[in-house]
Amino acid sequence: MSAHLLENLNPEQRAAVTLPHESALILAGAGSGKTRVLTTRIVWLIQTGQVSPHGVLAVTFTNKAAKEMMTRISAMLPINTRGMWVGTFHGLANRLLRTHYREAGLPQSFQILDSQDQLSAIKRLMKAMNVDTEKYEPKKVQRFINSNKEAGHRARDAEAYDEYSMRLAELYEAYDAQCQREGVADFPELLLRAYELLYRNEPLRQHYQDRFRHILIDEFQDTNTLQYRWLKLFAGPHTALFAVGDDDQSIYAFRGANTANMAEFEREFAHGNVIKLEQNYRSHGHILTAANTLISQNAHRLGKNLWTAEGDGEPIRVFNAYSDQEEASFVVDEVRALNREGMNLSDMALLYRSNAQSRVLEHALFSASVPYRVYGGLRFFERQEVKHALAYLRLLTNPEDDGAFLRVVNFPTRGIGARTLEQLTDGAARAGMSLWQAACTGGGKVAGFAKLIEDIKQVTADLPLAEAIDHVIEASGLADYYRADKEGADRLENLNELVNAAALFSQETEENTYDATGEPAPGETESVRALDTFLAHAALEAGEHQAGAGHDALQLMTVHAAKGLEFHAVFITGLEESLFPHEQSANEESGLEEERRLMYVAITRARRRLYLSHAQSRMLHGQTRYSLPSRFLDELPEQVLLNLNRRSEPAYPSGGYHAPAPAPRSPQTGNDTGYKVGQSVAHAKFGTGIIIDFEGRGADARVQVKFRDVGTKWLALAYAKLSAA
DNA sequence: ACAAGTGTCCTTTTT
DNA sequence: GGACACTTGT
């Protein structure tokens, strides 16, 4: 049985899967079979009787990865995997807190705030405290709170050395008090609460440490400080930690991921028990060479070099476009050509650094009737109409939730305006009540709202989840509101979808094969528990980015979103200085290294064919910007590149992939110098740059040049020795 | 009380 | 270009 399991694994993979009961670090390069190793190890451990499903804790970062892992395990292991804890950090923390809510100091029906909810809670607090939001931007306050929580610091432990940060710490403290009062927890709070729960409660800690014999962590390079400490707390003296990660693919430092965790883990747990998976099963040789060469220019690495048994494959195609539009039409032409040759659109991906870049590409694809799918943007449970419905539901199960109250008290409009709410808020604060309580004791329109919620509560008390939600949508007036709205059809549709989602959710949790969000607690009111579990699910798993019409479509996404995916053909677009690497990251060494890792991730998504393109001019934020090619292009080995611009005609000005591009539309066209805006030039002293502006004629002519290394300068053409580059 | 108009700021993102 | 906050007008 287990011999069969280990077939088709290479020696390193097999060694990793069959490691003895010891902690180990698996450095798994891109495309090296990381997930396979992780899941096979779990199955192997169970099959060989070394652990029962009950003793396994497997942690991932995304719900998608957790589901994928569970699916693969169930496919290999025909036994009940219910006792296994597989989920995201937040999902598992939630599970722990729901089970031990009393010990954790939370109400049973505590609600989870997503980032949006958290931000509005902070704004509300700051308003109540009369804090100047110019001086203390709510977003910055949010970042302060979250980064402190993620470092394991409560307000009292927060580093505060000056007036400004001391004020931030005060806000943090007040914010936590508000959350406690309202019975809500934000994302980092889930982790910190769960951490503190186990840290302070010795018997509980003992219990879980004894239980989990094996802890396996996916994407370990993405863990933050708190998550690492969390894992250490779960690990008892008899627990083996199996951490899988790739420091070269760490692209989330900006949100707190701490790559140093890998080195630390090696020191604290693995003790030299490190296995490198370096054979890549995804990409052809030239693509890997490019990736290896690029990433070798990062100074801080654990060190790893991917290789493949495949041949070199095709060269990497580089295209220099005159404008973002030309870049887009180039991409469209290539995509169609590949599609004609038989490659599915869904096997091709268009990658970009930031979401704003997708529009030009979308426009070109749309005009050419190429089906495409964009990842990113609003997700199902984040849509305003869905959040409104959820707020009503939250109010039913947890009336202390002022955030939910304020969200829906006047939506649909009930004639309850700012003035009324101000009075209500003041009254509630003076009496030390929640808004809900204050509304119940008062009169007028606000009391009418309270009555409405009370009625809904009565009717839905014994209804199944989906029917309860359906009633809420009707009785609250949400449905009528969107029916009356000319543009409300989609929103109405989504509310319908919410009812369906709830029905599906009830069905799935009943079957209970996989339950990442809540432990069924015996003896509690059925429908209330179901509602709480569903609301937690909605917050923790915000749903798909877009309703997936499962047809063959080209895939558009940011490089971040592409991590973990692979495609036959990949287009990396917008390879320009200030865009990729992004200008806000390029200044710092660590920022630049992260951008380089991002580029590394992008390159290693490709199996057979890779296109790199950049545009000399680009519409961004309503302005045309001129940029130099990304330094990452220079960091690739020339022998694996194929410059498409040099196929038939000179590279400049249009690149001439197809029709020559129109002349630049600049008020200075038609000058007499032989230079134009957008052109790349070289200067003996300042290096290479690009002309971004122009003034004067003849002997007085001056050009403004944006140099890669020395910034932007005005140069008199009569004196500066410029040459075309 | 609320709709319509004006001004500001723009990474990346999962939970 | 577009989301979001804030101000003005009815």
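Everything numeric in this text was worked out from a predicted model, so none of it was measured. Note: hydrogens, waters and symmetry copies are ignored here, and every other heavy atom, side chains too, is used. Numbered from 1 within each chain, the chains take letters A, B, ... in sequence-line order.
- Contact of A/Ser115 with B/dT15 (side chain to base): a donor-acceptor pair of N or O atoms is detected under 3.5 Å.
- Of the listed nucleotides (B/dC2, C/dG1, B/dT12), B/dT12 has the atom at the smallest distance from the side chain of A/Ser354.
- In this structure, A/Phe89 reaches neither bases nor backbone, as no heavy-atom distance under 4.0 Å exists between it and the strands shown.
- Rounded to an integer number of Å, the gap from A/Leu421 CG to B/dA1 P is 8 Å.
- In this structure, of B/dC2, B/dT11, B/dT13, it is B/dC2 that holds the atom nearest to the side chain of A/Asn410.
- Applying the 4.0 Å criterion to OP1 and OP2 of B/dT14, one finds that A/Asn63 has every side-chain N and O outside that range.
- In this structure, A/Phe254 packs face-to-face on the six-membered ring of B/dT12, meeting both the 5.5 Å centre cutoff and the 30° plane limit.
- Under the side chain to side chain donor-acceptor pair (under 3.5 Å) rule, A/Glu541 has a single partner from A/Arg379, A/Lys67, A/Lys64, which is A/Lys67.
- A/Glu583 comes within 4.0 angstrom of nothing in the nucleic acid, heavy atoms only.
- Distance, A/Asp114 CG to B/dT15 P: 12 Å, rounded to whole Å.
- The side chain of A/Thr420 places an N or O atom within less than 4.0 Å of a non-bridging phosphate oxygen (OP1 or OP2) of B/dA1.
- Between B/dA1 and A/Arg414, no contact under 4.0 Å exists linking OP1 or OP2 to a side-chain N or O.
- If you look at A/Tyr228 and A/Phe220, their ring centroids are closer than 6.0 Å.
- Ring-to-base geometry does not place A/His90 in a stacked arrangement with B/dT15 (centre distance under 5.5 Å, plane angle under 30° required).
- Counting non-hydrogen atoms under 4.0 angstrom, A/Ala542 reaches nothing in the nucleic acid.
- Atom OG of A/Ser354 is separated from atom CG of A/Leu579 by 5.0 Å, given to the nearest 0.5 angstrom.
- In this structure, A/Gln249 atom CD and B/dT14 atom C1' are separated by 17 Å, rounded to whole Å.
- With no hydrogens or angles considered, no side-chain donor-acceptor pair links A/Ser323 and A/Ser617 at under 3.5 Å.
- At the phosphate of B/dT15, neither OP1 nor OP2 sits under 4.0 Å from any side-chain N or O atom of A/Asn94.
- A/Asn355 has no side-chain polar atom (N or O) that falls below the 4.0 Å cut-off from OP1 or OP2 of B/dC10.
- Taking only side-chain atoms of A/Arg419, from C-beta outward, the nucleotide of B/dA1, C/dG2, B/dT11 with the closest atom is B/dA1.
- Judged by distance alone, with hydrogens and angles left aside, A/Arg353 brings a side-chain donor or acceptor within reach of the base of B/dT12, the pair sitting under 3.5 Å.
- Of the candidate nucleotides C/dA5, B/dT12, B/dT15, B/dT15 has the atom nearest to the side chain of A/Phe187.
- For the OP1/OP2 pair of B/dA1 and a distance below 4.0 Å, the side-chain nitrogens and oxygens of A/Thr413 include no atom meeting the criterion.
- Judged by distance alone, with hydrogens and angles left aside, the side-chain atoms of A/Thr413 form no donor-acceptor pair with the main-chain N or O of A/Gly415 at under 3.5 Å.
- Considering only side-chain N and O atoms, A/Lys64 lies nowhere under 4.0 angstrom from the phosphate OP1 or OP2 of B/dT14.
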